[in-house]
Protein chains: 2
Amino acid sequence: MMNQQTSPPDTPITLENVSVDVVIFTLRSRDLQVCLVRRDCAPFKDDWALPGGGVRVDEPLERAALRILHAKTGVRDLYLQQLFTFGDPGRDPRRRVISVTYFALISSERIATNHLDGDSETVGWHSVYALPRLAFDHAEIIQYALVRLRNKIQYSAAAFELMPEEFTLRELHDAYMVILNDYTLDKANFRKKIREANILEPASGYRETGGRPARLYRFRRDAQPEIKARRFFP
Amino acid sequence: MMNQQTSPPDTPITLENVSVDVVIFTLRSRDLQVCLVRRDCAPFKDDWALPGGGVRVDEPLERAALRILHAKTGVRDLYLQQLFTFGDPGRDPRRRVISVTYFALISSERIATNHLDGDSETVGWHSVYALPRLAFDHAEIIQYALVRLRNKIQYSAAAFELMPEEFTLRELHDAYMVILNDYTLDKANFRKKIREANILEPASGYRETGGRPARLYRFRRDAQPEIKARRFFP
DNA sequence: TCAAAAGTGTTCAGCTTACACCCATGA
DNA sequence: TCATGGGTGTAAGCTGAACACTTTTGA
């Protein structure tokens, strides 16, 4: 969507009509948040927008997305997946732009602190359940990303990409409930399923809580993250 | 992917680095087929490629896909869904092209006959299980479309888009087996599920077969085509 | 009356759901 | 000993897989 890159003079030329935008999800204090940047020029001046930018002439689309991600979060390797390509004429009032969008998942503990705290006026993390005014069609893009995220965590272990290195089952359970916005998920059944999926291993310690301390777990590196789907229909 | 359009002189200018390619599926004589066009110039001269072309300056992406579809099949309204955007540098040896791909489903009875029969050297229908040599990265695109189609028919009634107006349960069952390439789907259970899904209504007649005649059905217009998904994980 | 294909019913194993219960800790 | 949250077991009901069975037609 051409959120202006502050370009050093040697920046290679980017493609004319193509841009990449990224919906970066993270989980902080029991809230699902996305990374947004504040626009400092027209159109949509002072509104918030997704991090994005042009694609360099010899740069694969995914690498462009990773470059943008690194600029906003300081992180290089993370979960990234193509989402959809938005290309309606008029979505950018200046000119025709085809925007290839991605969605990324990152644990908030991995985000470099200078990228996380809001002391910068121009980059911020916002709850998906209380979004500010958004530029272009970015509200639509985020809604679509949310739908995909919700589907994704139900047939794969993608939610682990949002968790810290070590976590309790309660925290994982909370994460699912926050993402799905469904607080009726049964605790006992959730734990049973996770145990049977055999994707966690106990970490060394315990987390202090109000009551009985909670066992810490980590994601097993050798686990099969994709759950093979059964047939729904017919 | 810039399969040359034979352009009338008044054709509007197309976007520089963007193209649209469409994987058009149909079902013919118990085979799943895709529409391909034979390239008549370099690169990949004489290989087969997906129907595709440039995007006009004021044309939405989906409308470009529909225009291409209409040119190859003579049909205007059909099932169309965005698939993926392929944009690696080098996928077209001539220049950088970002290809937004779509997949379409169409009943073979709706394809205008002059578009169906192979008397044209340049457009043809090919079994996905016996594809010819393909230009660019189109083999990869078709494989990906096939994966998506297989997923799709398992949680939605999309397979009906490939069926004729009226059909027997046996024909629908065969369609599923051909698409999934799995001939172990139990007949009794399949029928039971379809019945319970409540998406068919009986048509007037019967189809003559080798044995007992088979009831004809049609898709209920007011049916809920999407099956709400249950949770797999956790 | 037999072959071929349509169409149905029944059983069993496994999974989901709901919910009750026990355990460990600090105050 | 009580509140808080961690953690588990079990029974009821539903779903899916397997397979045997009946029905209707033409030859």
Side-chain angles (χ1 to χ4, degrees), chain A residues 29-30 153-156 163-164 166-178 180 182-218 224 227-234, chain B residues 29-30 150-151 153-157 159 163-164 166-178 180 182-218 224 227-234:
Chain A
S29 49
R30 304 200 178 176
I153 66 169
Q154 295 183 57
Y155 62 85
S156 81
M163 303 301 292
E166 302 189 347
F167 51 87
T168 68
L169 288 183
R170 158 71 109 106
E171 288 160 359
L172 184 60
H173 186 205
D174 280 347
Y176 266 82
M177 294 194 295
V178 166
L180 299 174
D182 170 8
Y183 295 88
T184 66
L185 246 185
D186 185 88
K187 181 178 63 152
N189 296 330
F190 181 88
R191 283 157 180 265
K192 205 179 309 171
K193 279 272 207 136
I194 290 288
R195 219 186 309 129
E196 285 161 6
N198 203 32
I199 49 178
L200 294 190
E201 59 189 17
S204 44
Y206 290 83
R207 172 101 68 222
E208 300 295 326
T209 67
R212 172 174 169 178
R215 176 98 241 176
L216 284 168
Y217 292 88
R218 74 167 67 84
Q224 270 305 106
I227 307 308
K228 70 166 189 314
R230 208 182 327 130
R231 207 165 275 140
F232 282 132
F233 179 89
Chain B
S29 49
R30 302 201 178 176
R150 284 175 176 161
N151 285 333
I153 65 168
Q154 294 183 56
Y155 62 84
S156 81
M163 302 301 292
E166 302 189 347
F167 51 86
T168 68
L169 288 182
R170 158 69 109 107
E171 288 160 1
L172 185 60
H173 186 205
D174 280 347
Y176 266 83
M177 294 195 293
V178 166
L180 300 173
D182 170 7
Y183 294 87
T184 66
L185 247 185
D186 186 87
K187 180 178 63 152
N189 296 331
F190 181 88
R191 283 159 179 265
K192 207 178 307 171
K193 280 271 208 135
I194 290 288
R195 220 185 310 127
E196 285 162 5
N198 204 32
I199 50 179
L200 294 190
E201 60 188 15
S204 44
Y206 289 84
R207 173 101 69 224
E208 300 294 326
T209 66
R212 172 174 168 178
R215 176 97 241 176
L216 284 169
Y217 292 88
R218 74 167 68 86
Q224 269 304 106
I227 306 308
K228 71 168 188 312
R230 208 182 327 130
R231 209 165 272 139
F232 283 134
F233 180 90

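Reminder, nothing fancy here: chain letters follow the sequence lines and each chain counts from 1.
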Rounded off to whole Å, could you give me the [atom1]-to-[atom2] distance for the [X] and [N] pair?
X: B:Arg207; N: C:dA6; atom1: CZ; atom2: P; value: 11 Å
X: B:Leu185; N: D:dA18; atom1: CG; atom2: P; value: 10 Å
X: B:Glu208; N: C:dA4; atom1: CD; atom2: P; value: 18 Å
X: B:Asp182; N: D:dA17; atom1: CG; atom2: C1'; value: 13 Å

Taking side chain as C-beta onward, heavy atoms only, is [X] less than 4.5 Å from [Y]?
X: B:Arg215; Y: B:Thr168; result: no
X: B:Leu180; Y: B:Gln154; result: yes
X: B:Arg195; Y: B:Leu200; result: no

Next on the checklist: Do the side chains of B:Arg207 and B:Glu166 get close enough for a salt bridge, i.e. N-O under 4.0 angstrom?
Outcome noted: no
Checklist entry - When the aromatic ring centroids of A:Tyr217 and A:Phe167 are compared, is their separation below 6.0 Å? => result no
Next on the checklist: Nearest 0.5 Å, please: how far is CZ in B:Phe190 from CZ in B:Arg170?
Outcome noted: 11.5 Å
Checklist outcome for this item: Protein-proximity profile, nucleotides 5-13 of chain D, B/S/- by nucleotide at the 4.0 Å heavy-atom cutoff, equals BBBBBB---
